[in-house]
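What follows is a set of notes on a single structure, which appears directly below.
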2 protein chains.
Amino acid sequence: MSGTTAVRDARPGRSRRQGNPTILDVAERAGVSKSLVSLALRGSPMVREEKRKAVLRAAEQLGYRPNAVARSLVRNRTNVIGVMLSDLHNLYFAEVVDGIEAEALSAEYRALINTGSRMAEREWAAIETLLQLRTDGLILAGPVLPASLILSAAASVPVVLVARASRWPSVDSVTNDDRAGARMAVDHLVALGHRDIAHVDGGTGAGAASRRSGYLEAMRDHGLARVAAVAPGTFTEEGGAAGIDRLLASRARPTAVFVANDLAAVGALHALERHGAGVPEDVSVVGYDNTALAALGHIDLTTIDQPRREIGATAVRLLLERLDDGRHRGRHVVLSPRLVVRGTTRPPRGRSIAATPAPE
Amino acid sequence: MSGTTAVRDARPGRSRRQGNPTILDVAERAGVSKSLVSLALRGSPMVREEKRKAVLRAAEQLGYRPNAVARSLVRNRTNVIGVMLSDLHNLYFAEVVDGIEAEALSAEYRALINTGSRMAEREWAAIETLLQLRTDGLILAGPVLPASLILSAAASVPVVLVARASRWPSVDSVTNDDRAGARMAVDHLVALGHRDIAHVDGGTGAGAASRRSGYLEAMRDHGLARVAAVAPGTFTEEGGAAGIDRLLASRARPTAVFVANDLAAVGALHALERHGAGVPEDVSVVGYDNTALAALGHIDLTTIDQPRREIGATAVRLLLERLDDGRHRGRHVVLSPRLVVRGTTRPPRGRSIAATPAPE
DNA sequence: CCTTCGTCTTGGAACGTTCCAACAAGCGGC
DNA sequence: GCCGCTTGTTGGAACGTTCCAAGACGAAGG
């Protein structure tokens, strides 16, 4: 216990006091070799208790912080999962990221997010950055990139697609069963007594095609193929409003509308209001995604919920399967949606309802 | 031009065909030294055109991708700005990040995001990760961390606070002039003819205190101190609704309410509806933040806009000042908000209005 | 023909870790 | 009194870059 008479100035010239302290500074102060410091800090059982304490104390005193860059270089592994988010403004992805982070954390990985503002070029730049940083795997959430680029990324690192289907063996994917979700929406409306049910679709948006065909299938199955009507729209507020405008311009007002996502549904709500149609008295509306928007009391939208956290968690698990278990076959997971009934749907006028009829 | 008879198998044993190609593989294929490859790829003017082409071609053929990890290690600089986002679910930050990315990109930096789910502990973990990755600077967006931890991060890397004020010289900050914003809201309502203006506040949320005192000051300046009323709330939908409930329970209905943020304002809208008060016929409502929510046609909320992109861009610029110019004094930038008039405000009943009076 | 000077090009050191083979010391067994 | 084993500890090599001092090679100047 001779105290602080450490080896200290072993190197006469430069005293190593510049920049962040390294493992060597810790070693010097603790009076051991750099290797032992490395061992001790990583909690190896091969280190004598006494030395471990000395190392920990020295590290603490110096404010030592491991250099992940150096570590990654030698280990050839970063323990980082790169997440390319096509759109930060879409709340849908926020919860997916929650799932990603939780699952990654529990496997000793960190998630780093880079975004691509819905532009293919920016998305590729984001991915390129993550690849150069040598992230161990990549999760692409809602990319609008051409498939060729996705495949080229997958050539150097495991890639999982979220909210975009993949058929390739080298790229896994996690998607929602949008077709089934659309059927749920129609089934719900039919069960309430609606027959004249229209659809405002999402154009070329992710999942829009499946939702459209799910709608058409369900209508057919209920013997309503003849009244089925699809108005073109987009996944935006304006798209939903424009869809309603077009719908009402071309035909009699339906008693219910299934809109391709929540944001567009809110646009539809507003457009219906403009056209003097009350929701839900005159027209019932169903959205899709169950975003925070739908849950607002002021909007209170019946919608289809996607298990977003689960989607994110699954994406990480798929990545880890390739990373840790060395899987090579492609896996394409499809998760099931769920109907969430709120205030924008009710039986059409003239149909009684089991519960207390609305007073007004 | 003897073609492809490259030096190739200089190393007899291992043929270097494993993992990603390195600068050495490129050098071998191009028949030059690793140093020249490094120079050529970075666009040095000291490289003869002929060799540059050879290097570029070899790199292309091998699918070479620079290893940012190795580069960072030797340069002791990553060219990465770490962004700790307290809450991915808050759309307010999405646009701040847009500003950050745009500005960072134009300075040859990339932004990497890590999130902290509004929990101090998670936030610190996120920051620690970014520090271990040796990001060149840190932007903390809306942190709920204790100041001591912020300061300890600032000891090793430049730190800029967004949406949280700093007085410390070692930590810069970019905030909005919330006090001025609140005054704008009150001024607008007073100009419309309102006198009985209440406030639902944001509790301990970021900026809530300034907004509250801005409201009180403005009321005083207009000689309305006696009718000023503050109902406690939070920055959530429920908080806004609860604030209205409390307000109406304790006093006569005001003709206008200024709510501390948009989300709470939407909650207030819903609560007023519940209480049978029409907006804006009976009560005018002003929110704060001008989130996408406020702009929805169906909500159409008058609100105070913060220059979010500008806030993000400014944060990056502050960081670069420390990084490139070596500034050491603290800078605390305060940006000005702007009133956005939409459909939830109008003159109180009985007051005429210059424009066409609403027909109903 | 030898210097000197520019223009290119090169090998070696460094960055801060981890990994590995090797070593030191103690200890029991023969 | 040496062997082998276990338990700790160590220095050197490696990871893939960048940086730097120095080398190669002509061309120009004496």
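Computed from a predicted structure; not experimentally measured. Naming convention: chains lettered A, B, ... in sequence-line order (proteins, then strands); numbering from 1 in each chain.
The structure places OH of A:Tyr109 at 5.0 Å from CG of A:Asp136, a figure rounded to the nearest 0.5 Å.
Picking from D:dT10, D:dT9, C:dG11 the nucleotide with the shortest atom distance to the side chain of A:Met46 gives D:dT9. Comparing C:dT10, D:dT10, D:dG16 against the side chain of A:Val32 picks out D:dT10 as the nearest.
Not one side-chain nitrogen or oxygen of A:Lys34 sits closer than 4.0 Å to the OP1 or OP2 atom of D:dG11. Applying the 4.0 Å criterion to OP1 and OP2 of D:dG8, one finds that A:Lys51 has every side-chain N and O outside that range. Proximity of B:Ser38 to the phosphate of D:dT18: a side-chain N or O atom is located under 4.0 Å from OP1 or OP2. Under 4.0 angstrom from either OP1 or OP2 of D:dC19 there lies at least one side-chain N or O belonging to B:Arg42. Between A:Arg71 and C:dT18 there is a side-chain polar atom (N or O) within less than 4.0 angstrom of OP1 or OP2. Between D:dT7 and A:Arg48, no contact under 4.0 Å exists linking OP1 or OP2 to a side-chain N or O.
Using a 4.5 Å heavy-atom cutoff, the side chains of B:Asp25 and B:Tyr64 are not in contact.
Following rounding to the nearest Å, A:Asn20 (CG) and C:dT17 (C1') show an atom-to-atom distance of 14 Å. If you take CG of A:Leu39 and C1' of D:dG8, they are 9 Å apart, rounded to a whole angstrom.
When each of B:Ala70 and B:Ser33 is assigned the nucleotide of DNA chain C bearing its nearest heavy atom, the one mapping closer to the 5' terminus is B:Ser33.
Using a 4.0 Å heavy-atom distance criterion, B:Asn76 is classed as making no nucleic acid contact.
A salt bridge links B:Glu128 and A:Arg65; the closest N-O separation between the charged side-chain nitrogens and carboxylate oxygens is under 4.0 Å.
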